2 protein chains.
Amino acid sequence: MKGPSESVKPATILDVARLAKVSKSTVSNVIRDAKGIAPQTIARVRAAIDELGYRPNVLARQLVQQRTNVLGVVVGDLANPFFSEMTKQIERYAGQHGYQVMFCNTQIDEHIELAGLRGLLDYRIAGLIFLAYAGDEESARLVTESRVPALFLTCTADWGDVVSPDDEKGGRIATEHLLELGHRRIAYIADPSVEDAADQARQSGYRRAMVKAGLPTAVYHWQGSEGKTLKETTIEKVLLGDDRVTGVFSSNDLGAIELLDCADRLGVRVPQDLSVVGFDDVMLASLRRINLTTVVQPKEMMARIAVSTIASRIKGELTGGHLRQIVDCGLIVRGSTAPLKKSKSG
Amino acid sequence: MKGPSESVKPATILDVARLAKVSKSTVSNVIRDAKGIAPQTIARVRAAIDELGYRPNVLARQLVQQRTNVLGVVVGDLANPFFSEMTKQIERYAGQHGYQVMFCNTQIDEHIELAGLRGLLDYRIAGLIFLAYAGDEESARLVTESRVPALFLTCTADWGDVVSPDDEKGGRIATEHLLELGHRRIAYIADPSVEDAADQARQSGYRRAMVKAGLPTAVYHWQGSEGKTLKETTIEKVLLGDDRVTGVFSSNDLGAIELLDCADRLGVRVPQDLSVVGFDDVMLASLRRINLTTVVQPKEMMARIAVSTIASRIKGELTGGHLRQIVDCGLIVRGSTAPLKKSKSG
DNA sequence: GTGAAAGCGCTAACAC
DNA sequence: GTGTTAGCGCTTTCAC
């Protein structure tokens, strides 16, 4: 690009063709590295391209090719560090595969999801990665009809590929960790930003461990999106009541951190009075002040698998039934859990 | 959409025209709400559209219109909660203005930025919002030549509109707060994820306050992107040395939180031994365990202004020199700052 | 090895 | 009011 073009309109393939004194098909062939072109022609075309600072119009190309290189990403809440980290990784791997990323934030609201999906599909995106799926039927219809490959990352649906951590195992090892520390009254607290199926699986792991230990289960749900209140009961009761719990497995780190905040406010000491285990291992979890024991999901690996899987689908290298790839997860023990301290009420 | 199309290829405007027994221009007119169409014709066309589940091909439309409704967003690090929150807000307002969002994450690396920018520009995006700008000349050339309106949000360049908090004031009030608490040895610690110009402005506010108080300044920089080490000196020396500081103004919350972590590790108590002020007011800052005194940027308002400004530029409603919109910011005092405790070395 | 020509699906004059 | 037509910038046969 020695001579930057001063024209207001970008150069087209025709401009290049004229300058190189060839036809536009030849220019097209050069751009696309077609074989069987005279070296000197290539050189002339390349020179013209550089001189004009020519860049192919992706819109025109994709119109004729009937496909784009845009990946749509549907995220529930980008402000949640787990999702922003995942989104970042997706963009990174997408770039490596030559894809551009378009995203929409849904707040897990069906209407917003539907509108966002329509916007993405109108763009004839090549593939769709869901980091959250509100479970709307209309969304499913829309996407399946459009024939765009869909992949559910850390969430689930039966109409697309799935890449997910072993939620059930995660829930189980988190609970077992608390059990091994001697805890008996252990609750599961669900955060609304965790997608339903994942929540169910984590919960099921929790239940299995509890049942195996012959203990009763207790499941609570955070109310609303920002509030620090529970549905149907109060956090005070759960943490301070007569039959208060001594261990909590939270369905994600954000919920666990919220819980730590509540505990601090109520004077409940962690881990002395209360042990807390999270899920995700977000960046904050490792801060000394949070120091959260949590289930680690291999975020980078999951993003990599997700992108390469959807890329294979797009290219048609991968066909047939929906793939369900479950990646292993492990527990990282930090300071939010400790052996149960025998107390008068213990 | 009563009869979902079973065909693998989406319906085109021609399919609709045939079904409604009109020409494709008439369909086009209906889609675009052109006036002067017979009501019954509109009805027939609408019915056909519904029956086929027709959706206009955005690519084709934008190719002929020579413009897209895609907004490009350049973000330095989406994993930084400040940027993910901003990105989320941008997408929200963009949607309200009818724009789709494409983004790229640059890690503030010039080469990645350049590649990402090229990808966005190849898509003939309508406008570009920078949440981080590596300051690369080549990037500037690329964008200005492409004639795509650029807007710098919480960062600065002289070749586009700017929407930014009053960084200088923020730095000043943060420092004044520490001064009012009686602190004298106050350092400024810069985090690399804060863009240069913003960093300079915040630093300048700090300097001004210090100079006015007749005190010497001390500026440090975190080393690398993740590390907890400083350039040219050690955090141990800053926090524990003979001439250790009692107050720190960090150029952003993430740096401040990192500092809290260091302090905890070194046994330096906050706020008893050390007062810390951040910048951004990210969600975590309000957690009891962090409880960070910080400068609040009106994130939502800035995103709104940014999107509506770039929308005006795109539509041509706004022309002429680059706008520079500075929004006010304030201090929110939490528990990470306290009056200087007189000690033997004070 | 290179070029001519036919679209991709749509918009926007301009006829009728 | 509605239809005809000429592109937007590119890819991709298929002749030469």
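As the structure is a computational prediction, the values presented were derived from the model and not from experiment. In what follows, chains carry the letters A, B, and so on, assigned in the order in which the sequence lines appear, proteins first and then strands, with residues in each chain numbered from 1.
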Problem set entry | Strand-adjacent residues in residues 38-46 of chain B, judged by heavy atoms under 4.0 Å from DNA chain D |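 DNA chain D contact set from residues 38-46 of chain B: B:A38, B:T41.
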For this session: State, with a plain yes or no, whether a side-chain heavy atom of B:R324 is found less than 4.5 Å away from one of B:T156.
Result: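 Contact flag for B:R324/B:T156 side chains = yes.
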Exercise. Are B:D161 and B:Q325 side-chain neighbours, meaning at least one heavy-atom pair lies under 4.5 Å?
Worked result: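 Not in contact.
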Problem set entry | Touch class at under 4.0 angstrom, heavy-atom based, for B:V22 against every strand present |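 Counting heavy atoms under 4.0 Å across all strands, the contact made by B:V22 is with sugar-phosphate only.
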For this session: May I ask you to say what A:S25 touches in the nucleic acid, namely base, sugar-phosphate or nothing, with a heavy-atom cut-off under 4.0 Å?
Result: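 Base contact.
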Side chains of [X] and [Y]: donor-acceptor distance under 3.5 Å anywhere?
X: A:S28; Y: A:R32; result: yes
X: B:S193; Y: B:D77; result: no
X: A:Y133; Y: A:E113; result: no

Exercise. Quick one: on DNA chain D, does A:L59 or B:S23 contact a more 5' nucleotide (nearest heavy atom)?
Worked result: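 So the residue in question is B:S23.
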Exercise. Axis-to-axis angle across the helix from C:dG1-D:dC16 to C:dC16-D:dG1, five pairs an end, to 10 degrees?
Worked result: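 Helix axis angle between the two ends: 40°.
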Problem set entry | B:R32 side-chain proximity, nearest of C:dA12, C:dC10, D:dT12 |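 The answer is C:dA12.
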Problem set entry | Stretch residues 62-69 of chain A: residues that reach within less than 4.0 Å of DNA chain C through a heavy atom |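 Close to the strand are A:L63, A:V64, A:Q66.
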